[in-house]
Amino acid sequence: MADLSVRICGIDFKNPIIPASGVFGYGKEYEQYYPLSELGGIATKGTTGAKRTGNLPPRVAETPMGMLNSVGLQNPGIDHFIAVELPHLLSCDTVILANIAGSTPDECAEVAAKLDSTDVHMIELNISCPNVKQGGAAFGTSCTAAAEVTRAVRRATKKPLVVKLSPNVTSITEIAKAVEAEGADALSLINTLLGMRIDLRTRRPILHNNMGGLSGPAVFPVAVRMVWQVANAVKVPVIGMGGVMSGEDAAELMMAGASAVQVGTAIVQDPYAPLRIIDELNAWLDANGIASAAELTGTVRPW
Amino acid sequence: MKQDRYKERLACRVRAMEQLTAAAWSMVIECLEAAAKAVPGQFVHILPAGSFTLRRPISICGIDKEAGTLRIVFEVRGKGTDALSQLHAGDTVDMLAPLGHGFTLLPENARVILIGGGIGTPPMLPLARHYGADAVVISGFRNADAVILQQDFAETGAKTILCTDDGSAGRAGLVTLPLEEEICAEKPAMICACGPLPMLKAAAALAQKHQIPCEVSLEERMGCGIGACLVCACRTLDEHGDEQYLHVCRNGPVFKAEEVVW
């Protein structure tokens with residue numbers, strides 16, 4: 001039994017596997033399957049200042065080794081989250097990363113300020129949602145905008161701040177450095193890649209939003225590459241994600257530079273995926289004589 | 001291996017496979033716990049073997065609590081359902097079940113009208129078994145080659161009315177004509193429907209006209225199946241008449257017709 005614990009921004013995680021924001025809601029749907037205390041942490045559903053209804057359906061399409069989604073940040077708003085969802089989540093004996101988003105830097109800052117007075121462990125600022133018209137990816141695709149929104153949120157909270165980056169950029173390292181310079185305590189990547197599918201019969205895009213975010217095993221090599229690039233470009237820790245389906249995938253992303261790993265699409269497919277991935281990572285570490293998961297981070301030996 | 005414990009929780013054995021028409025298949029699945037819990041209108045969420053990312057939601061067509069089995073009838077529409085159609089008795093399937101909310105069940109002697117269109121017909125069968133001779137089952141299909149489950153419905157004791165678009169079996173035309181005739185003959189306590197959207201919309205309109213409670217089973221492209229990922233959105237009205245998105249997997253698949261924004 002290897003030591004699976006990792007430490008990020010002074011926060012202890014019992015293991016490095018975290019359900020990614022969006023697939024796990026606020027956790028309660030999964031409690032019928034297992035106690036949430038088995039998880040390293042939970043990145044909660046992206047929450048905005050006001051309630052959002054989300055995009056028209058269809059919101060999902062299967063793709064080769066992956067899926068597209070365009071939920072459009074449907075959520076009940078930060079006040080509901082803090083009053084109704086957060087108290088229970090904080091009693092679950094796991095690290096809670098409150099994922100937040102907004103249309104403007106001010107909205108993001110306002111949401112962060114409200115969370116600052118709660119006991120939430122970390123804030124994950126989403127500057128990379130591809131499915132909303134304002135804010136979202138618009139923040140994450142220019143260094144200036146990414147820096148501006150990070151600065152605004154940094155001023156609003158003393159909580160450990162993780163900024164979640166978009167892969168839909170020419171140079172993710174430039175964005176990463178801009179966000180780090182404004183005080184991000186950690187970075188998480190990658191959000192989904194912008195994609196599109198068309199129904200040949202109707203000539204309509206399958207998603208009502210026309211475009212959506214691609215996730216799943218199809219994007220895993222992109223995630224490995226970007227985690228590696230970013231981990232080499234910044235000093236703050238990196239939380240990796242993008243198509244992780246197995247314990248070996250998690251180990252690979254950690255070798256590329258991730259200190260912990262988020263799991264998204266695998267959970268849409270199988271509610272037990274995070275537990276299976278934790279066990280598989282543990283078994284892989286044991287089989288390879290590695291005493292601690294934390295030792296893996298950044299140990300890739302590039303040519 | 002330790003990790004197999006998670007697979008085992010979802011692994012179910014296929015007891016029987018039967019091809020019903022060129023495109024429709026019947027599968028009986030051994031799942032003691034799911035069968036014990038299942039109610040009419042719920043669905044199963046199956047991950048086809050191979051390189052598929054998403055599960056396929058399929059309505060439950062038969063619940064046998066004594067045998068510990070669920071039956072599904074599905075149509076091959078794409079590669080995922082094609083993979084399911086190639087399973088054999090003895091194979092295992094990766095299945096989450098039962099999911100969603102079913103139909104409101106009235107006392108067994110209530111007169112109800114059950115409407116099924118095409119591959120929307122199977123979820124009406126557990127209802128027909130519940131209501132027996134007090135139910136009227138009106139099912140519509142494209143043509144005689146697509147007709148399924150008529151013998152099963154007859155065995156429940158329900159009155160069955162078969163319609164086809166081209167008149168090649170049963171009555172020619174849409175299910176709405178016999179629906180209105182049955183409503184006028186004796187007003188039912190409830191109408192339950194599953195099928196193509198235009199059919200559901202027409203059934204809901206007739207129910208509203210005659211002031212009869214109506215429940216419809218909806219379909220949408222689905223993700224997790226348990227209400228977390230929020231992809232299978234359905235536009236509905238809340239108690240104040242404001243539009244909101246509910247989700248087919250958790251809030252449905254059965255909705256009250258009057259809460260759906262058609």
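Proteins come first, then strands; the chains are lettered A, B, ... in the order of their sequence lines, and each starts at number 1.
In this structure, the side chain of Glu62(A) engages the main chain of Leu54(B) through a donor-acceptor pair within 3.5 Å. Side chain of Gln269(A) to main chain of Phe52(B): a donor-acceptor pair is present (N/O by atom type, distance under 3.5 Å, no hydrogens or angles). Not one N or O on the side chain of Arg59(A) forms a donor-acceptor pair closer than 3.5 Å with the backbone of Ala233(B).
Within the model, atoms CG of Leu47(B) and CG of Asp270(A) stand 8.0 Å from one another, a figure rounded to the nearest 0.5 Å. Between Cys229(B) atom SG and Ile267(A) atom CD1 the span is 11.0 Å, to the nearest 0.5 Å.
Heavy-atom pairs under 4.5 Å with chain A were tallied for Cys224(B), Cys234(B), Gly223(B); the largest tally goes to Cys224(B).
Put simply, the side chain of Val268(A) does not reach to within 4.5 Å of the side chain of Arg55(B), judged on heavy atoms. Side-chain contact check for Leu56(A) versus Arg235(B): some heavy-atom pair is nearer than 4.5 Å. Contact annotation: the side chain of Thr265(A) approaches that of Thr53(B) to within less than 4.5 Å [non-hydrogen atoms, C-beta and beyond]. Residues Tyr33(A) and Leu96(B) meet the side-chain proximity criterion, which asks for heavy atoms closer than 4.5 Å. No side-chain heavy atom of Gln244(B) sits less than 4.5 Å from a side-chain heavy atom of Gln74(A).
Within a 6.0 Å sphere centred on CD of Glu31(A), other residues, nucleotides and ligands contribute more than 12 heavy atoms. No more than 12 heavy atoms of other residues, nucleotides or ligands sit less than 6.0 Å from atom NZ of Lys201(B). Residue-environment remark: NZ (Lys256(B)) stays at or below the threshold of 12 foreign heavy atoms within 6.0 Å. For Gln19(B), the CD atom counts as densely surrounded, since its 6.0 Å shell holds more than 12 non-hydrogen atoms of other residues, nucleotides or ligands.
Contacts between Pro64(A) and chain B at a heavy-atom distance below 4.5 Å are absent for every atom of the residue. There is no contact between Lys51(A) and chain B, counting heavy-atom distances below 4.5 Å.
Scanning all heavy atoms of the two residues, the minimum distance from Pro58(A) to Arg221(B) falls at CB-CD, 3.8 Å. The nearest pair of heavy atoms linking Gly227(B) to Glu29(A) is O-OE2, 3.4 Å. Nearest heavy-atom pair across Tyr245(B) and Gly54(A) is CE1-O, 3.6 Å.
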